[in-house]
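Everything below concerns the one structure shown next.
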Amino acid sequence: MQRLLPAYEYYKREILPASPPEFHFTSQQKHKTDLSVSGSHGQTRRRPLPGEEIDRASMEAKYAELRRAVEETAAVDGHAHNLVAVDSSFPFLRCFSEAEGDALAFAPHSLSFKRSLKDIAELYKCEASLDKVEKFRKAQGLSSITSKCFQAANISAILMDDGIQFDRMLELESHKDFVPTVGRVLRIEWLAETIINDDSFSGSSWTLDSFSEIFRTKLKSVANTIVGLKSIAAYRSGLHIDPCVSKTDAEDGLRKELAGQKPFRVTNKSLIDYIFTCSLEIAVLFHLPMQIHTGFGDKDLDLRKCNPLHLRCVLEDERFANCQLVLLHASYPFSKEASYLASVYSQVYLDFGLAIPKLSVQGMTSSLKELLELAPIKKVMFSTDGYAFPETYYLGARRARDVVYRVLSAACEDGDLCIQEAIDAVENIFRRNALDLYKLNVANGSVHQKTTITDTRIPTSCVERDVLFVRIVWNDASGQHRCRVVPAGRFYEIAKNKGVGLTFASMGMTSFCDGPADGTNLTGVGEIRLMPDMSTILRLPWSRREEMVMADMQIRPGEAWQYCPRYALRKVTRVLLDEFNVTMKAGFENEFYLRRKLVSEGHESWVPYDKSSYCSTSSFDGASSILQEVYSSLKEADIVVEQLHAESGKGQFEVALKYVLCTLAADNLIYAREIIKSVARKHELIATFLPKPDLNDIGSGSHVHLSLWKNDQNVFMGSNEYNYHGMSNVGEQFLAGVYHHLPSILAFTAPHPNSYDRIQPNTWSGAYLCWGKENREAPLRTACPPGVPLDMVSNFEIKSFDGCANPHLGLAAIVAAGIDGLRRGLKLPEPIESNPADYASKLKRLPQDLLESVESLAADKTLHELIGDRLITAIIAVRKAEIDHYSKNPGAFGDLIHRY
C-alpha cells in the first residue's frame with residue numbers, strides 16, 4: 001500500500017486548489033451588483049455580499065485549530081460494508097441513493113447526488129458528470145481508486161458488516177490492502193438464514209430447539225473474532241421487539257418460515273424477536289455491542305416501524321441493561337427521538353452514517369444537531385456506511401468532517417462549547433467513542449501499521465472497570481474442578497490468545513493429593529498451555545465482576561495435548577461423525593445434597609439441610625429461594641433446566657438439564673455444578689455431588705440420557721423399517737457397544753472408591769450388567785418420554801454416572817464403546833423387565849469396587865485405541881492411587897464433600 005499523506009495536507013494540496021471560485025466579469029458587469037459567480041467546473045454560485053468574505057475568513061481563522069482537528073483526526077469507521085469488483089453488476093448509480101428499480105432513475109435529480117458527484121469529480125480531477133466519473137474509475141481500476149478514496153477519507157479502522165450480499169463482493173480480508181485495521185460485525189439475521197438454508201438439513205427437520213442450539217453455538221464460536229453484532233429487524237418486522245416472546249410463538253414462526261421455498265428469508269416477527277433476544281443474551285456474555293438499523297433505508301422497510309422509540313421493551317429489560325445498543329443512521333427522520341433515548345438510557349449509543357452523506361447539506365447539519373441536542377457527545381459516533389464503491393467511504397468521511405465542523409463551530413458561537421471542548425468532541429466523535437465502545441486498540445494516526453482486531457481487543461483500563469477476574473477452568477482426571485485466575489486486563493490482552501502455563505502433573509493429581517500419582521508418567525517437569533475456549537465465556541451470576549471460561553489443554557497454541565479431556569471427547573465424537581455421520585446428545589440429571597454447618601461444643605459438622613422425602617413439597621418450599629437463584633443463574637448461562645425436585649435423601653435435590661450436543665453437555669455440567677455449589681455457598685450452605693456422602697442414606701448420581709442424531713433427526717429411535725424394543729438398528733448396535741464395555745466405562749463414570757458405595761442393588765443405581773425399557777434398577781435404561789409413541793424409545797439412560805466423574809472423559813468412554821458396537825454390529829441380549837436382583841444368580845454383577853473397573857479398563861483394547869494409551873495409563877494410575885489411599889484411610893471420605 002502506498003504511503004499516505006496526512007489528511008489535512010492531502011486536503012490542502014489536492015482538494016482546496018480546485019475549490020475557490022473564479023470570478024469572471026465583463027466590462028459591463030463590473031459596474032453592476034450581480035451576485036452570481038462561476039465555480040471551478042462551471043457551476044453557478046452566489047457572489048459574496050460586501051463584508052462576507054472578511055467574516056468567513058475571520059471565522060476560519062478563529063476556528064483554525066478546530067478545522068485542523070476535524071481534517072487530521074484518523075477516523076474509526078464504525079459501520080460499513082464490503083466493496084465490489086469494478087465489473088460488478090451492482091449499478092454505480094446506487095453509490096448516490098438507496099433507491100432501486102425505476103425510482104433509481106430519478107436519483108440524479110436529488111440535492112445529495114448533485115453535490116456528491118461534484119465531490120467525486122474534484123477528487124478525481126475530472127468533469128463533474130456521471131459518465132466521466134465512471135470512465136475515470138474504470139480506467140484507473142479498483143485498487144487505484146480505492147487507495148485514492150481511502151487516503152482522502154483518512155480512515156484508520158473499518159468495522160464491517162459483511163452480511164449484505166452484492167455481486168462480485170470482495171472478501172473482508174481484502175480490505176486490509178486499503179485500511180490498517182478491519183474488524184467484523186456479524187449480522188444476526190444473516191447467520192440465522194445461513195443455518196436454516198444449509199443443504200445438510202431439510203426444512204422439515206428443524207425444531208426451534210435444534211435451530212437455537214446451533215445458532216447459539218455458532219454465535220459463541222465466533223464471538224471472540226468479531227467486534228459487534230448487528231440486527232436488521234427494522235427491515236423485516238420492525239423495531240417493536242418483544243424480548244419475552246414465547247417459545248411457542250417462535251416455534252410457530254419457524255414452522256411458517258420453513259413452509260416456504262429455499263432460500264429461506266426470515267421475516268416472521270415472533271422468530272425475529274426470538275433471534276434478536278438470543279443474540280442479546282450472547283452479546284451480554286461476550287460484552288459485544290449490538291448495532292441496530294433504525295430510520296430510513298431502501299423501500300424494503302416500513303419506515304413507520306423503524307422509530308427507535310419502539311425499542312422501549314428491550315431497553316427496559318434488566319437482562320440487557322449492560323448491553324450497548326448502537327442506533328444506526330442517525331435514526332433519520334427520528335433523530336430527536338434517538339437523541340432522547342441516548343440521554344436517558346445508559347446503554348444507547350448513536351451512529352450517524354448514511355444520513356451523512358445521503359441527505360442535503362441542511363439535512364445532514366440539522367440531523368447531527370438534533371442528535372447532539374440531548375445525547376452526550378461521548379455517545380455519538382462517526383461512520384460512513386460505505387458500501388460497494390470506495391467513493392461511498394470518501395463521501396461519508398468528507399461530508400462528516402464538514403458537517404461536524406459546521407455544527408461544533410456553531411455550538412462554540414452559541415456558547416454551548418469552548419473551542420477546546422469542540423476539539424475534544426472531534427476526537428470523541430471520530431475516534432475515541434468507537435475505540436472504547438468496540439474495545440479496540442488502534443494507535444492514533446497509525447495508518448502504516450497493520451493491526452488485527454482480535455489481537456488488541458480490550459484495553460486493560462476499559463475492561464477492568466467492568467470485569468476484574470477471569471477464571472480459566474479445567475476438570476482433571478480425578479473429576480475435580482480447578483481454575484487459574486487471571487486479572488481481566490491481562491486475560492484479554494495476553495492470556496485469551498496465548499493461554500497460561502500449567503504443569504504436566506496437573507492431569508496426574510488425585511482427590512487426596514495435589515501431586516501426580518505414581519505410574520501416570522506425569523511429573524512436575526514440562527508445561528502445557530491452558531487455552532481459553534472463548535465460546536464458553538460466562539459472566540458469573542453470583543460474582544458480577546468475574547468471568548469463567550473452559551480451557552483446552554495444548555502443548556502450544558493450536559496443538560492439542562493428548563491428556564486433555566475435552567480433546568479426548570472431541571476426538572471420539574469426530575470418529576463417530578466421520579464413520580457413521582452420527583452425533584450424540586446428552587442430558588444430565590444432577591443429584592446433590594445441601595448441608596448446613598452445625599457447631600456444637602466447639603465441634604464443626606455439616607448436617608442435612610432438611611429431612612423430607614422424595615418430591616416433598618415442604619422440602620422444595622424450604623429450599624425454594626436457593627433453587628430459584630440456581631435456576632436463574634443456569635438460565636443466564638444458557639443452560640436449560642427441564643425439572644427440579646427434592647430427592648429421597650435428607651437434604652437431597654435434583655436439577656435435570658436439557659439434552660444438547662455431548663461436547664456442550666459436558667461443559668454445561670461443569671458450569672452447572674459450579675453454579676449450584678456457589679449459590680449454596682452464598683446461602684452459607686455447601687452443595688456436594690459426592691456419590692455417597694452418608695453411608696446410611698441414598699446416594700447421588702449424575703444420570704445421563706443419551707440419544708443419537710443424524711441431520712437433526714433422532715436415529716436412536718426405531719422406525720417401521722427396524723424396531724428392536726423401540727430402537728433403530730443404529731441405536732441397538734451403539735447401546736450394545738456400551739453394554740459390552742460397561743465394566744470398563746465405570747472406571748470413567750464411577751471413578752472413585754466412594755462411587756461403589758452407591759452402586760448397590762435395590763437403590764436405582766444399576767448394580768447388575770443388564771438393560772431394560774423403563775427399568776430404573778438397570779444400569780442401562782431405554783426411555784419413552786411423553787410425546788414418544790409407546791412402542792418406541794427416544795434415548796437411553798446410564799445410571800452409573802456420578803458427580804466424581806470428569807464428564808468429558810465419561811462421555812468419551814461411552815462414545816468409544818458405542819463406536820465399537822457400530823463397527824462390529826453388536827447385538828443386545830433380551831431386556832430385563834423387572835428388578836435385576838431377582839435374577840442375581842443369572843446376571844453378572846457390575847464391578848463391586850473401583851479395582852474391578854480398573855482391571856476391566858486395563859484389558860479393554862478398544863478404549864485404549866480410541867481414547868489413547870497415554871491418557872488411559874494416567875487414569876488407571878490415578879484410580880489405583882485412590883484405591884490404595886482410601887483403603888488405608890477410610891475416614892478421609894468425610895473431607896470429600898468439600899471437593900465434589
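Excluded from the calculations below are hydrogen atoms, water molecules and symmetry mates; all remaining heavy atoms, backbone and side chain alike, are included.
- Residues R879 and I876 have side chains not in contact (no heavy-atom distance under 4.5 Å, counting atoms from C-beta outward).
- With hydrogens and angles disregarded, no donor-acceptor distance shorter than 3.5 Å links the side chain of N754 to the backbone of D757.
- Counting only N and O atoms by type, the side chains of Q628 and S624 include a donor and acceptor under 3.5 Å apart.
- The heavy-atom pair separating R484 from L502 by the smallest distance is NH2-CD1, 3.8 Å.
- Using a distance-only test at 3.5 Å, with no hydrogens or angles considered, a donor-acceptor pair links the side chain of S887 to the main chain of D884.
- Ring geometry, F588 versus F801: the interplanar angle exceeds 60°, so the pair is classed perpendicular (tilted spans 30 to 60°).
- Residues W542 and H683 keep their aromatic ring centres 6.0 Å or farther apart.
- When the shell of 6.0 Å around CG of L790 is examined, it contains 12 or fewer heavy atoms from other residues, nucleotides or ligands.
- Taking 4.5 Å as the limit, every side-chain heavy atom of D317 sits out of range of all side-chain heavy atoms of T277.
- Checked options Y593, W606, Y609; the residue passing with L685 is Y609 (criterion: side-chain contact (heavy atoms from CB on, under 4.5 Å)).
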Show every donor-acceptor pair shorter than 3.5 Å between a side-chain atom in residues 804-812 and any protein atom, with sequence neighbours excluded, or say none if there are none.
residue : atom : partner : partner atom : Å
N806    : OD1  : H808    : N            : 3.0
N806    : OD1  : L809    : N            : 3.1
N806    : ND2  : N475    : O            : 2.8
N806    : ND2  : N475    : OD1          : 2.9
N806    : ND2  : D476    : O            : 3.1
H808    : NE2  : D667    : OD1          : 2.8

From CA spacing to verdict: side chain to side chain donor-acceptor pair (under 3.5 Å), S618, S616: CA-CA 5 Å; S618 62; S616 163; 3.0 Å; yes
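- Taking the six-membered ring where the residue is Trp, Y659 and W709 present parallel rings, their angle staying beneath 30° rather than reaching 60°.
- The neighbour count for Y567 OH, taken as heavy atoms of other residues, nucleotides or ligands under 6.0 Å away, does not exceed 12.
- Here the CD1-CD1 distance, from I872 to I867, works out to 4.5 Å after rounding to the nearest 0.5 Å.
- With sequence neighbours excluded, the residues satisfying side-chain hydrogen bond (donor to acceptor under 3.5 Å, both in side chains) with E547 are H287, Y492.
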Please step through side chain to side chain donor-acceptor pair (under 3.5 Å) for the pair S755 and D802, ending with a clear verdict. CA-CA 7 Å; S755 302; D802 66 44; 2.7 Å; yes
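- Atom CZ in R544 sits 14.5 Å away from atom CG in L468 (nearest 0.5 Å).
- Between P532 and F491, some side-chain heavy-atom pair lies under the 4.5 Å cut-off.
- Taking the six-membered ring wherever Trp is involved, the centroid distance between the rings of F689 and Y900 does not fall below 6.0 Å.
- Between the side chain of N889 and the backbone N or O of H885, at least one donor-acceptor pair lies under 3.5 Å.
- When side chains are defined from C-beta on, V486 counts as touching V500, because their heavy atoms get closer than 4.5 Å.
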Does E654 form a side-chain contact (heavy atoms from CB on, under 4.5 Å) with N590? I'd like the steps, not just the answer. CA-CA 5 Å; E654 178 180 304; N590 289 273; 5.8 Å; no
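- Remark: of the listed residues F653, Y614, F620, Y614 is the sole one forming a ring-ring contact (aromatic ring centres under 6.0 Å, His included) with H645.
- Judged by distance alone, with hydrogens and angles left aside, the side-chain atoms of R319 form a donor-acceptor pair with the main-chain N or O of P243 at under 3.5 Å.
- Among pairs with a residue in residues 502-515, those fulfilling side chain to side chain donor-acceptor pair (under 3.5 Å) read R482-D514, S511-H752, S511-E882, S511-Y886, at least two apart in sequence or across chains.
- Rounded to the nearest 0.5 angstrom, M553 CE and W561 CH2 are separated by 6.0 Å.
- With hydrogens and angles disregarded, no donor-acceptor distance shorter than 3.5 Å links the side chain of T536 to the backbone of V549.
- Residues satisfying the ring pair (Phe, Tyr, Trp, His ring centres under 6.0 Å) test with Y631, not counting sequence neighbours, are none.
- Atom CG of L706 and atom NZ of K585 lie 12.5 Å apart (nearest 0.5 Å).
- Taking D895 as the reference, nothing meets the side-chain contact (heavy atoms from CB on, under 4.5 Å) condition, with sequence neighbours excluded.
- Heavy atoms from other residues, nucleotides or ligands lying under 6.0 Å from CG of D518 number 12 at most.
- One N or O on the side chain of T763 and one on the backbone of Q760 form a donor-acceptor pair closer than 3.5 Å.
- More than 12 heavy atoms of other residues, nucleotides or ligands shown are found within 6.0 angstrom of NZ on K220.
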Check the pair T583, L708 against side-chain contact (heavy atoms from CB on, under 4.5 Å), reporting the backbone distance first and the verdict last. CA-CA 6 Å; T583 59; L708 303 176; over 6 Å; no
Take V607 and R596 through the side-chain contact (heavy atoms from CB on, under 4.5 Å) test and state the conclusion after the steps. CA-CA 6 Å; V607 299; R596 57 185 176 84; 3.8 Å; yes
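- Rounding to the nearest 0.5 angstrom, the gap separating the CZ atom in R845 from the CD1 atom in I759 is 9.0 Å.
- Shown here is D838, whose CG atom has more than 12 heavy atoms of other residues, nucleotides or ligands within 6.0 Å.
- Here E629 pairs with K682 in a salt bridge; the nearest charged N to carboxylate O distance falls below 4.0 Å.
- Residues M727 and L828 come closest through the heavy atom pair CE-CD1, 3.6 Å.
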Before giving the answer on side-chain contact (heavy atoms from CB on, under 4.5 Å), spell out for L742 and L780 the whole-Å C-alpha distance, their side-chain angles and the decisive distance to 0.1 Å. CA-CA 9 Å; L742 191 55; L780 302 174; 4.2 Å; yes
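- The structure places CD1 of I745 at 10.5 Å from OG of S853, a figure rounded to the nearest 0.5 Å.
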What verdict does the side chain to side chain donor-acceptor pair (under 3.5 Å) test give for D533 and S535, after you've listed the backbone C-alpha separation in whole Å, the side-chain angles of each residue and the deciding distance to 0.1 Å? CA-CA 5 Å; D533 176 355; S535 70; 2.7 Å; yes
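- Applying the side chain to side chain donor-acceptor pair (under 3.5 Å) test to residues at least two apart or on different chains, the pairs with a partner in residues 694-703 are E589-H703, Q652-S700, H703-R758, H703-E797.
- At a cut-off of 3.5 Å, with distance as the only test, no side-chain donor of N714 or S707 sits close to an acceptor on the other residue.
- Within the 3.5 Å criterion, the main-chain N or O of C784 finds a donor-acceptor partner in the side chain of E774.
- Remark: the backbone N or O of A680 is not paired with any side-chain donor or acceptor of E684 at under 3.5 angstrom.
- Between the side chain of T520 and the backbone N or O of P516 there is no donor-acceptor pair closer than 3.5 Å.
- For F469, the CZ atom is loosely surrounded, since the number of other residues' heavy atoms within 6.0 Å does not exceed 12.
- Remark: aromatic rings of F734 and F716 are distant, center separation not under 6.0 Å.
- A salt bridge links E546 to R471: one of the charged nitrogens lies within less than 4.0 Å of a carboxylate oxygen.
- The residues R216 and E281 are annotated as salt-bridged, a charged nitrogen and a carboxylate oxygen being separated by less than 4.0 angstrom.
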